[in-house]
Amino acid sequence: MKNTHHDIPPALLQALHQARRVVVFTGAGVSAESGIATFRDALTGLWSRFDAQALATPEAFREHPDVVWGWYEWRRAQALRAKPNAAHRAIAELARHVPELAVVTQNVDDLHERAGSARVTHLHGSLHAPRCSACAAPQAFAAEHPDEPDGGRRIAPPACARCRAPVRPGVVWFGESLPAEAWNSAWRAVQACDLLFSIGTSALVYPAAELPQRALASGATVVQINPAATPLDAHAHHNLRGAAADVMPRLLAAAGFGLAV
Ligand code: OAD
């Protein structure tokens, strides 16, 4: 096969070979090729079709719990149907070739885990970990949910097994704090890393978007993989333009890390 990794800079490969602690910071773009919509892409992003304020805030859940629960059940059904793609698999494989690798994701799906990544920190929670909206007790889903129509339908949230208050999705909503344990562990990993990949994120949502900046400030090499420009372009050491499921396997192949392209 002809050289398919001509766009992977040698300096990046050198940084990868020398890296001892790697952080892979991901956003919705890493799951795009698994069929899970991103948030801010102009035509296909969730926030171009749906009103975030009406679906992803504590106020929305208080006012219309059935609309919000139904919308998240639709997204959960979509995530359950989705399969990890070549980017998730390449990230899991990369962990076998560097001394230490932590995945820090803004995604609420579990595709990194299903691809085999062992250390995954979820900054924005999970579609698969509902909890009580009052007493915060973790809850189980009654059963795997059947397919939901596009955008979901109104579904009354179940009642907490302990206190009977409505169960809420285990995700972080606008106006809420990130789970402290996840944030602290991500921050520690980023402070200590010598190489950070920022993959498939618009790098617009804070505090998550602070992580690549923190890595830059502590002297790490920062590599961005995204088909579109983001505010991180001006600061990253390397910007690889393209889909994560295309670039990541080529990067591993170029590094000699054994994934056939
Ligand atoms: P966004 O939708 O803001 O950004 C997705 C990014 O992925 C964009 O920069 C796209 O260019 C890029 N992208 C699209 N397809 C891609 C592909 N195939 N490969 C690689 N990149 C691709 O999603 P996030 O940055 O994850 O928060 O958004 C951050 C947070 O905002 C989310 O976690 C969510 C949202 O509101 C909460 O729900 C709390």
Side-chain angles (χ1 to χ4, degrees), residues 3-27 29-31 84-107 111-123 182-203 207-227 230-261:
N3 182 7
T4 53
H5 13 86
H6 55 276
D7 59 337
I8 313 283
L12 159 51
L13 295 175
Q14 193 184 358
L16 181 56
H17 285 131
Q18 288 172 352
R20 304 207 54 77
R21 298 197 175 99
V22 177
V23 169
V24 179
F25 172 57
T26 65
V30 84
S31 293
N85 65 49
H88 299 106
R89 288 195 297 273
I91 292 164
E93 177 67 24
L94 183 58
R96 295 153 49 90
H97 299 275
V98 295
E100 229 180 282
L101 183 143
V103 176
V104 176
T105 188
Q106 299 164 86
N107 297 346
L111 296 179
H112 282 302
E113 287 91 339
R114 282 201 265 144
S117 282
R119 256 182 88 188
V120 184
T121 299
H122 284 269
L123 293 178
W183 176 251
N184 292 338
S185 122
W187 190 254
R188 274 196 306 273
V190 167
Q191 267 182 318
C193 79
D194 35 34
L195 177 59
L196 180 140
F197 289 94
S198 180
I199 309 178
T201 174
S202 57
E210 274 170 34
L211 294 174
Q213 296 173 9
R214 176 65 239 182
L216 286 165
S218 60
T221 300
V222 170
V223 181
Q224 181 174 227
I225 295 161
N226 199 311
T230 81
L232 190 58
D233 283 38
H235 309 287
H237 296 92
H238 303 283
N239 287 297
L240 303 183
R241 277 278 187 273
D246 172 44
V247 175
M248 284 309 288
R250 288 196 291 115
L251 181 79
L252 263 73
F257 291 164
L259 274 187
V261 186

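Of all heavy-atom pairs spanning A208 and F25, the tightest one is O-CZ, 3.4 Å. Shown here for A189 and A102, the closest heavy-atom pair between the two residues is CB-CB, 4.2 Å.
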Verdict with reasoning, T230 to T201, per side chain to side chain contact (heavy atoms under 4.5 Å, CB included): CA-CA 8 Å; T230 81; T201 174; over 6 Å; no
Criterion side chain to side chain contact (heavy atoms under 4.5 Å, CB included) on V98 and L195, from CA distance to verdict: CA-CA 11 Å; V98 295; L195 177 59; over 6 Å; no
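With sequence neighbours left out, the side chain to side chain donor-acceptor pair (under 3.5 Å) criterion links D194 to no other residue. In this view, Q213 and Y206 satisfy the side chain to side chain donor-acceptor pair (under 3.5 Å) rule, not counting sequence neighbours. Residues that satisfy the side chain to side chain contact (heavy atoms under 4.5 Å, CB included) test with V190, not counting sequence neighbours, are V23, L196, L211, R214, A215. Under the ring pair (Phe, Tyr, Trp, His ring centres under 6.0 Å) criterion, H238 pairs with no residue at all, not counting sequence neighbours. The ring pair (Phe, Tyr, Trp, His ring centres under 6.0 Å) search around H237 returns none, not counting sequence neighbours. Applying the side chain to side chain contact (heavy atoms under 4.5 Å, CB included) criterion to P227, with sequence neighbours excluded, gives no partner residue. R114 meets the side chain to side chain donor-acceptor pair (under 3.5 Å) test with D110; sequence neighbours excluded. Partners of A95 under the side chain to side chain contact (heavy atoms under 4.5 Å, CB included) rule, at least two apart in sequence or in another chain, are L101. Qualifying side chain to side chain donor-acceptor pair (under 3.5 Å) partners for S31, counting only residues two or more places apart in sequence or in other chains: H88, D109.
Within the 4.5 Å cutoff, the side chain of H235 has no heavy atoms near those of the V222 side chain. Side-chain contact between L251 and L94 is absent, with no heavy atoms from C-beta onward closer than 4.5 Å. Considering only heavy atoms from C-beta on, L240 comes within 4.5 Å of P9 through its side chain. Residues V223 and L16 form no side-chain contact, since every pair of their non-hydrogen atoms from C-beta on lies 4.5 Å or further apart.
Among residue pairs with one or both ends in residues 15-24, those qualifying as salt bridge (charged side-chain N to carboxylate O under 4.0 Å, His left out) are R21-E100; sequence neighbours excluded. For residues 233-243, the salt bridge (charged side-chain N to carboxylate O under 4.0 Å, His left out) pairs, not counting sequence neighbours, are D233-R241.
Taking CG of L232 as the reference point, atom CG of L216 lies at 6.5 Å (rounded to 0.5 Å). In this structure, the separation between CG on N107 and OG1 on T26 is 4.5 Å, given to the nearest 0.5 Å.
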